[in-house]
Structure formats: structure tokens, C-alpha cells
Amino acid sequence: MSIRLSENNAALTVYLQGEIDHHGARSIMLALDREVCAREPRSLTVDLAGVSFMDSSGIAVLLRCLRRMEETGGTMAVRGTPPQARRVLSAAGLDRILPVDP
Amino acid sequence: MIPIQNQVTLLFPSKSSNEAFARTAAACFAAQLDPTLEELGDVKTAVSEAVTNAIVHAYPKELGVVTLRLRILEGGVFEVTVKDKGVGIPDVAKAREPLYTTGDDARSGMGFTIMESFMDALRVRSVPGKGTTVTMRKRFSPRPGGRG
């Protein structure tokens with residue numbers, strides 16, 4: 001799992017790549033916590049286009065990001081969602097509380 | 001009782017690094033049923049959830065053994081059994097409720113919901129102090145030309 005960032009006028013985009021499961025979720029959470037706290041973006045976009053597999057640990061990662069952004073009054077969206085990850089987000093109902101684009 | 005056409009049993013320690021191994025092994029074994037990519041993704045996801053539950057919850061203080069049994073049953077049915085001899089689940093019905101978790105913050109409490117959504121059948125048997133057995137089945141859709 002790797003993380004790449006780009007920032008433009010307080011809009012932070014996080015590109016996740018690889019497999020998101022319980023084994024790697026904690027390090028992703030800590031890295032995203034660190035970046036969001038340090039940069040205080042107004043909007044956060046999580047790009048999942050490079051994610052080859054995701055289970056419910058990915059839901060925990062995204063929910064934690066959403067909470068962080070809500071605490072600071074920011075917004076969050078998910079994009080580039082591959083079909084397998086989309087099915088996981090949909091089964092958990094996450095696509096009803098968060099903008100999720102393919 | 002559906003006749004068994006093929007089966008394999010894998011035993012591994014409850015290390016989180018084995019989550020990827022378990023779901024990949026399940027997908028490799030299921031591939032002989034010629035599933036679609038979506039069906040294969042569903043199996044990988046459900047196995048990842050069940051194995052992660054065993055790793056996180058069954059053995060909270062020490063490593064234990066997780067058993068993954070994969071079966072191909074007559075009629076294109078794939079059966080997955082994940083078994084541990086850990087602490088068990090005191091209230092299975094509550095554990096199966098969405099968002100319920102006793103795990104760390106890397107768990108969302110949606111594991112059983114995902115297993116139920118992605119497989120056709122889910123059975124959970126648990127005895128506190130003895131362990132937990134999760135059995136899931138999925139019938140793969142018939143493909144043009146049938147299966148070899």
C-alpha cells in the first residue's frame with residue numbers, strides 16, 4: 001500500500017495504491033491523520049483508482065477521514081472507485097453519507 | 001448434503017500478514033469453477049473479513065491457529081469455512097449487527113454485513129472459550145459453454 005498526495009489551494013487529494021485490509025489500515029490511518037492535521041485542508045478527495053482490493057478496513061479508514069474533516073468544517077469525497085471497492089462501500093451504505101464517484 | 005468435488009485445508013498462525021495470503025489462496029482455489037471477476041472479488045472480500053475477524057478477535061493476547069477449509073460442491077457451489085480455537089463470541093446475534101465491533105479502530109463493524117452481502121449463505125457457530133466456525137457458501141452463475 002502506498003500513499004501519494006497533491007495539494008492545491010487548501011484542496012488535498014490523496015491517492016491510495018495497493019490493497020487496503022486490516023494489516024495495512026492502521027498505517028494508512030496514521031499517515032492520513034498526520035497529513036490532514038498538518039495541512040488543515042478545506043476539502044479532501046480520496047482517489048481509490050489505484051486500489052486493487054479493499055475490505056471493510058477501508059471503510060474504517062474513510063470514516064476516520066470523514067470525521068476529521070467534519071471536525072474542522074471541511075468536506076470530503078471519494079473518486080476513482082474500482083468496482084470491487086464500490087461494492088464494499090455500497091454494501092456498508094457509505095455511498096449514502098459520502099460522495100463516491102467511479 | 002451436497003457432494004464434495006474438491007477440497008483443500010490450510011492452517012496458518014493468526015498473523016495479520018496472512019490476511020492477504022488467505023483471500024488470495026481462496027480465489028486461486030475458486031478459479032477452477034470459472035467465476036466472473038465480480039464473483040471472485042466477492043469471495044476474496046468475504047474471506048478477508050472472516051479471516052480478519054479470527055485474527056483480531058479470536059486470539060487477542062497470543063497467536064493461535066486459523067483453519068481455512070475451501071470446498072467445491074456439486075452444482076458450482078463454493079464453500080468457505082474459517083475456524084479458530086480462540087475466545088469465542090458470547091453473543092453471535094449481536095456480533096452480526098452492522099457497526100458492532102469490539103476490535104480496534106481499524107475495524108468498522110461491517111465484517112459480517114459484508115460477508116452476508118457478498119455470499120449466498122452465512123452460518124456462524126461459536127462457543128465461548130472454545131472457538132468460532134464461520135461457514136459461507138456462494139453458487140457461481142453458469143457460464144456459456146459450462147465448466148470444464
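Chain naming here is simple, since letters A, B, ... match the order of the sequence lines and numbering starts at 1 in each. Values below: all heavy atoms of this structure, side chains included; hydrogens, waters and symmetry mates excluded.
The CG atom of B:Leu37 lies 11.0 Å from the CD atom of A:Gln84; values are rounded to the nearest 0.5 Å. Taken to the nearest 0.5 Å, the OG atom of B:Ser48 stands 11.5 Å off from the NE2 atom of A:His23.
Residues A:Leu44 and A:Val51 share a single hydrophobic cluster, defined by chaining ILVMFWY side chains whose heavy atoms lie under 4.5 Å apart. Both A:Met29 and A:Leu32 are assigned to one and the same hydrophobic cluster, defined by single-linkage of ILVMFWY side chains at heavy-atom distances under 4.5 Å. Hydrophobic clustering (side-chain heavy atoms under 4.5 Å, transitive across Ile, Leu, Val, Met, Phe, Trp, Tyr) keeps B:Val87 apart from B:Val65.
When all heavy atoms of B:Phe118 and A:Val88 are compared, the pair lying nearest together is CZ-N, 3.7 Å. In this structure, B:Met110 and A:Ala92 approach most closely via the heavy-atom pair CE-CA, 3.5 Å.
In this structure the side chain of B:Arg23 reaches within 4.5 angstrom of the side chain of A:Asp21, judged on heavy atoms. For the pair A:Glu19/B:Glu19, no side-chain contact is recorded, criterion being any heavy-atom separation below 4.5 Å from C-beta on. Looking at heavy atoms from C-beta onward, A:Arg87 lies in side-chain contact with B:Glu38 at the 4.5 angstrom threshold.
Other residues, nucleotides and ligands place more than 12 heavy atoms under 6.0 Å from the NZ atom of B:Lys138. Atom CD of A:Gln17 sits in a sparse spot, with 12 or fewer heavy atoms from other residues, nucleotides or ligands closer than 6.0 Å. Other residues, nucleotides and ligands contribute more than 12 heavy atoms inside 6.0 Å of the CZ atom of A:Arg39.
If you measure heavy-atom distances from B:Ala46 to chain A, you find no contacts under 4.5 Å at all.
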